[in-house]
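The next block holds one structure in the form of structure tokens; read it before the comments.
Bear in mind that the values here come from a model prediction, so they are computed numbers and not experimental data. All ligand and atom numbering here is 1-based and tracks the order in the structure. No hydrogens, no waters, no symmetry mates; every other heavy atom, side chains included, goes into these values.
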Amino acid sequence: MIELTDIRKSFEDNNVLKGVNLSINTGEVVTVIGSSGSGKSTLLRCVNGLEKADGGKLQIKDKIFSLDNISKKEQLWIRRNTAMVFQGFYLFNNKTALENITEGLIVVKKVKREEANRIGVEILDKIGLKDKKSSYPNQLSGGQQQRVSIGRAIALNPEILMLDEPTSALDPELVNEVLMLIKDIAKQKKTMMIVTHEINFARNVSDKIVFMDNGVIVEQGSPKEVIDNPKTERLKNFLLHINKKL
Ligand SMILES: Nc1ncnc2c1ncn2[C@@H]1O[C@H](COP(=O)(O)OP(=O)(O)OP(=O)(O)O)[C@@H](O)[C@H]1O
Ligand SMILES: [Mg+2]
């Protein structure tokens, strides 16, 4: 189980996270929705340690961390176990698809190259890119590159996989292949936290949807509860706005 308690973060006088509380059960998929600037990325970054929170606790299994005060060793453990996928793919351009996937295994997890390659090929198969093993990022489509970056994250076998708008930099015709891969991973009961603007995808893939507004979680629940029966005016307005765009 993963538990976030009272996570707070300000950038100077901009109070971005005002005490976020969230429980995620093992194997659960949680999607985070909310308007631009509501603090979704900052929340993921604070959990992962890319951004230092001003306060709050993170529990992963039986380990509890005070996010405003973590040691280097704890930081490394958290990074490894909360692998993150970003909107841009951030692959190593001078490494092949296989090498991009095995790099973290070899450098971070100290897995021997042979074993890393074996795992890497298995993952390439899972992400449907076995035949692209030796291709460099500039020889892959955007969708394929994003699948490699998801492969790289799952190679580390993190306790939770966090994805921040994994499809928003893709051309529309490439969005589906990445969403299908994420769905596939969800089916295998990987714990995930996904920030997305794809509301239909969120409905299909989520055990729980979380609506953030202005630095707090305003509503959370099943897709039925959150999307079909919003309780607050804030969420009703947000959904109206999204539907208008479709
Ligand atoms: N490194 C930073 N320095 C200063 N302010 C920041 C930083 N990162 C985020 N912010 C501010 O924090 C607020 C929340 O940003 P965040 O990126 O978390 O929003 P978001 O919900 O992910 O939005 P979007 O849907 O547009 O990605 C914004 O006001 C943003 O300007
Ligand atoms: Mg964001």
Exercise for review: Could you walk me through whether Ser134 and Thr96 pass the side chain to side chain donor-acceptor pair (under 3.5 Å) test, one step at a time?
Suggested key: CA-CA 5 Å; Ser134 308; Thr96 64; 6.0 Å; no

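- Contacts between Glu12 and ligand 1, counted as non-hydrogen atom pairs separated by less than 4.0 Å, are absent for every part of the residue.
- The protein heavy-atom contact nearest to atom 3 (N) of ligand 1 is Phe11 CD2, 3.4 Å.
- If you check the side chains of Lys57 and Asn21, you find no donor sitting under 3.5 Å from an acceptor.
- By the 4.0 Å heavy-atom criterion, Gly34 is excluded from the residues contacting ligand 1.
- For Glu122 and Lys126, the salt-bridge test fails: no basic side-chain N is under 4.0 Å from an acidic carboxylate O.
- In terms of protein heavy-atom proximity, atom 26 (O) of ligand 1 is closest to Ser36 OG, 2.6 Å.
- The existence of a salt bridge linking Lys112 and Glu115 is excluded, since no basic side-chain nitrogen approaches an acidic carboxylate oxygen closer than 4.0 Å.
- Residue side and main chain included, Ser36 places no N/O/S atom under 2.8 Å of the Mg ion (ligand 2).
- Under a cutoff of 6.0 Å and an axis angle of 45°, Lys63 and Phe65 do not form a cation-pi pair.
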Check your understanding: What's the verdict on side chain to side chain contact (heavy atoms under 4.5 Å, CB included) for Gln146 and Val85, showing C-alpha distance, side-chain angles and the deciding distance?
Key -> CA-CA 8 Å; Gln146 188 59 309; Val85 173; 3.7 Å; yes

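- Residue contacts with ligand 1, taken as heavy atom pairs separated by less than 4.0 Å, do not involve Arg45 at all.
- Distances below 4.0 Å separate heavy atoms of Thr42 from the following atoms of ligand 1: 9 (C), 14 (C), 15 (O), 16 (P), 18 (O).
- In this structure, atom 23 (O) of ligand 1 lies nearest to the protein heavy atom Gly37 N, 2.8 Å.
- Looking at Val195 against ligand 1, nothing comes within 4.0 Å, counting heavy atoms.
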Practice item. Apply the test side chain to side chain donor-acceptor pair (under 3.5 Å) to residues Asn157 and Lys109: give CA-CA distance (whole Å), side-chain angles for both, the deciding distance (0.1 Å), then the verdict. Key: CA-CA 10 Å; Asn157 196 22; Lys109 285 202 138 177; over 6 Å; no

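- When the heavy atoms of His197, Lys40, Glu51 are ranked by distance to atom 21 (O) of ligand 1, first place goes to Lys40.
- Among protein heavy atoms, the minimum distance from atom 17 (O) of ligand 1 is reached at Ser41 CB, 3.7 Å.
- The distance criterion of under 3.5 Å between nitrogen or oxygen atoms is met by Gly39 with respect to ligand 1.
- Tested against Asn48 for a side chain to side chain donor-acceptor pair (under 3.5 Å), the candidates Asn81, Thr82, Asp164 yield a single pass: Thr82.
- Between Phe89 and Val148 the shortest side-chain heavy-atom distance does not fall below 4.5 Å.
- With a heavy-atom cut-off of 4.0 Å, Val16 touches ligand 1 through its side chain alone.
- Listed by number with element, the atoms of ligand 1 under 4.0 Å from a non-hydrogen atom of Asn14 are 11 (C), 29 (O).
- Taking 4.0 Å as the cut-off between side-chain N and carboxylate O, Glu103 and Arg152 do not count as a salt-bridged pair.
- Annotation for ligand 1: atoms under 4.0 Å from non-hydrogen atoms of Ser35 are 21 (O).
- Considering only non-hydrogen protein atoms, atom 27 (O) of ligand 1 sits nearest to Glu165 OE2, 3.3 Å.
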